[in-house]
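Comments concern the structure below.
Lettering of chains follows the sequences in order, A, B, ..., and the numbering in each one begins at 1. The structure displayed is predicted, hence computed values, not measured ones.
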2 protein chains.
Amino acid sequence: MRLDLADLRLFLCIVDAGSITQGAIRANLALASASERLRRIEADVGVQLLERHHRGVATTEAGEALVHHARLILRQQARLLGELQDFTLGTRGTIHVYANTAALTEFLPHKLAPWLARHPLLNVDLKERTSMEIVRTISVGLAEAGVVSDAVDAPGLKLQPVATDHLMLIVPTKNRLAQTRTVSFANVMDEPFVGLEPGSALQDHINDHARIAGHALAFRVRMKTFEGLCEMVSCGVGVGIVPQGVAKRYRRRYSYQVVALEESWARRRLCLCFRSWSELSPAIQSLLSHLGGTPAIEAV
Amino acid sequence: MRLDLADLRLFLCIVDAGSITQGAIRANLALASASERLRRIEADVGVQLLERHHRGVATTEAGEALVHHARLILRQQARLLGELQDFTLGTRGTIHVYANTAALTEFLPHKLAPWLARHPLLNVDLKERTSMEIVRTISVGLAEAGVVSDAVDAPGLKLQPVATDHLMLIVPTKNRLAQTRTVSFANVMDEPFVGLEPGSALQDHINDHARIAGHALAFRVRMKTFEGLCEMVSCGVGVGIVPQGVAKRYRRRYSYQVVALEESWARRRLCLCFRSWSELSPAIQSLLSHLGGTPAIEAV
DNA sequence: ATTACCCTTCGGAGTATCCGAAGGGTAATA
DNA sequence: TATTACCCTTCGGATACTCCGAAGGGTAAT
């Protein structure tokens, strides 16, 4: 399988232009090359992407999907190039903080806000990375500190727990599990599920564990946000799995029952991660000690 | 500029393996090819990505950024291929609904939940697309209906407003603007801003209008979620721009003042979009009439 | 000193890509 | 009905690219 970036660019040109001829011109290609390239793409993916008409081409549904993803991928690539250009300059007066998704959405906003308010001259650049990436970046000295999950091992680094981030099952109030406190994942895999859109890290993680157990979860609908997911559950559409912080935050607004998952992979902790305290710059020291100070979220 | 997908794959292999030699093996390439390819990448982007050491290579900060984006791009590509494979099968018994980001996060969860609860045999596949993409998909008959912004023109299609989605400025309670009801964008461009992470459609949109006005917004911090943004504003970190629904939803939990933006590009409406009512399948008709029924969100 | 890695450069071989030209089709216009 | 204007595909050759093996040079450990 190939599917080059050039393929994606060409395909967008063709769809936008409405014909292979015009699309080839936009892409600075000869008609023959565009046609040939298109044929190879369709052969590779095994689906027809364009319907050839007498007055140009029209996308099939698969073609429309390709258009969408092509735009996303090319935008991502543009972002990458832009970020790489930035390294010729270098940003000044800004603290760089690396955090995983959970920390970035659940933990950091609440903790960061008062600190930023008290330090009006310092700006913070939040970078979302996987815990693994963060650990490696800190290990080699390219970053000072970050917030990671304790699921990764970080040889030679300090890990200081600051919050829990357990995964919880949430169920409608009249569900058979509504009265239980804990449940095993195996016991709920056959329920109808409300999920997150495919491709999100958490959803992939959950699906993996279902697959390991030999099951595939049945999704009634997949939402884009945790809040949407919680609302679906509260209306009885199905059950869902969300981080503890999310479950707690919305259980007032949308009524549902929270049930702990027994599996060990559902028990996660967020940790500050750095090499050694004394090596840190004063600004980072101030920020970290604030983050680690009063762990309000970890109380259940 | 080239920067192939093969380049990204190779680079990941090299970084994971810790040396060009081992990385080349993982990528099924000869050492010479990998070295050469790497050289061309670094020449293209103009930044050193790897530090050559006697015992392998180590990433520079730019290299680490490339690693991160490479993973995102390749994951996106995998998602694309997976979705294209689905078209060989075809999903059954599922309603496909296309919606833009605002509808997907603000409008749909609340409206969709009771309908799904009342129709336990029907599943819904939500697809996030830009309003433009949705209109085109419906025009050519590849989709039945969607929820779009009224900013796009949809020749030959029915647009039925179901909710307002105006952009609002939110400011800390002691900000100079806290007592005003409306303000022009030009009047706030010099405030310190709390933004969304770069690359999000809304943030790009706002930046564009700032650029048109000849300004660049100064961001103290860029958050991943609207809720995080709101919390920052409530703590006095800066001002922010969010959809009306978001501003209303969180103004209880995080105290801030909401000020309307006067510009016309800040006044947006969400509309149901379809070709003709009689052509729609009964299931979609049921869903749309439910969505259009009681527009709870549009009341200010 | 030997061995084990590691990276770069070079010239040649193989192939993927591109292109122009030729071929065949439809639809609107004269 | 002939002409014009598009549109797409196929074919053979020229080009450019990528890949590879071999050679070269370096460091670190045994």
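- Taking atom CG of residue Leu10(A) and atom C1' of nucleotide dC19(C), one finds them 15 Å apart after rounding to whole Å.
- One interatomic measurement links the two molecules: CZ of Arg39(B) to P of dC6(C), which rounds to 19 Å at whole-angstrom precision.
- How far CD1 of Ile41(B) is from CG of Asp4(B): 9.0 Å, rounded to the nearest 0.5 Å.
- For the strand DNA chain D, secondary-structure stems (runs of at least three Watson-Crick or G-U pairs, all distances below 3.5 Å) span C:1-30 with D:1-30.
- Near DNA chain D, meaning a heavy atom under 4.0 Å away, the residues from residues 26-38 of chain A are Leu31(A), Ala32(A), Ser35(A).
- Summarising the geometry, the separation between CG on Asp7(A) and P on dA16(C) is reported as 14 Å, rounded to the nearest angstrom.
- Salt-bridge formation is not detected for the pair Asp7(A)/Arg9(A): no Lys NZ or Arg NE/NH1/NH2 atom is positioned less than 4.0 Å from an Asp or Glu carboxylate oxygen.
- Ion pairing between Arg269(A) and Asp165(A) fails under the 4.0 Å rule for side-chain N and carboxylate O.
- The phosphate of dT8(C) (OP1 or OP2) has a side-chain N or O of Arg52(B) nearer than 4.0 angstrom.
- In this structure, the separation between CG on Asp150(B) and OG on Ser131(B) is 9.0 Å, given to the nearest 0.5 Å.
- At least one side-chain nitrogen or oxygen of Arg40(A) sits closer than 4.0 Å to the OP1 or OP2 atom of dT17(C).
- Annotation: proximity of residues 14-23 of chain B to DNA chain C (heavy atom, distance under 4.0 Å) is found for Ser19(B), Ile20(B), Thr21(B), Gln22(B), numbered in ascending order.
- With rounding to whole Å, His53(B) atom NE2 is found 19 Å from dA29(D) atom C1'.
- Look at Arg52(A) and Glu42(A) and you find a salt bridge, because one of the NZ, NE, NH1 or NH2 atoms lies within 4.0 Å of a carboxylate O, short of that distance.
- Looking at heavy atoms from C-beta onward, Thr130(A) lies out of side-chain contact with Ile134(A) at the 4.5 angstrom threshold.
- By the 4.0 Å N-to-carboxylate-O rule, Arg71(B) lies too far from Glu64(B) to be salt-bridged with it.
- In this structure, Ile25(A) places its CD1 atom 8 Å from P of dC7(D), rounding to the nearest Å.
- Here the P atom of nucleotide dA28(C) and the CZ atom of Arg55(A) are 7 Å apart, to the nearest Å.
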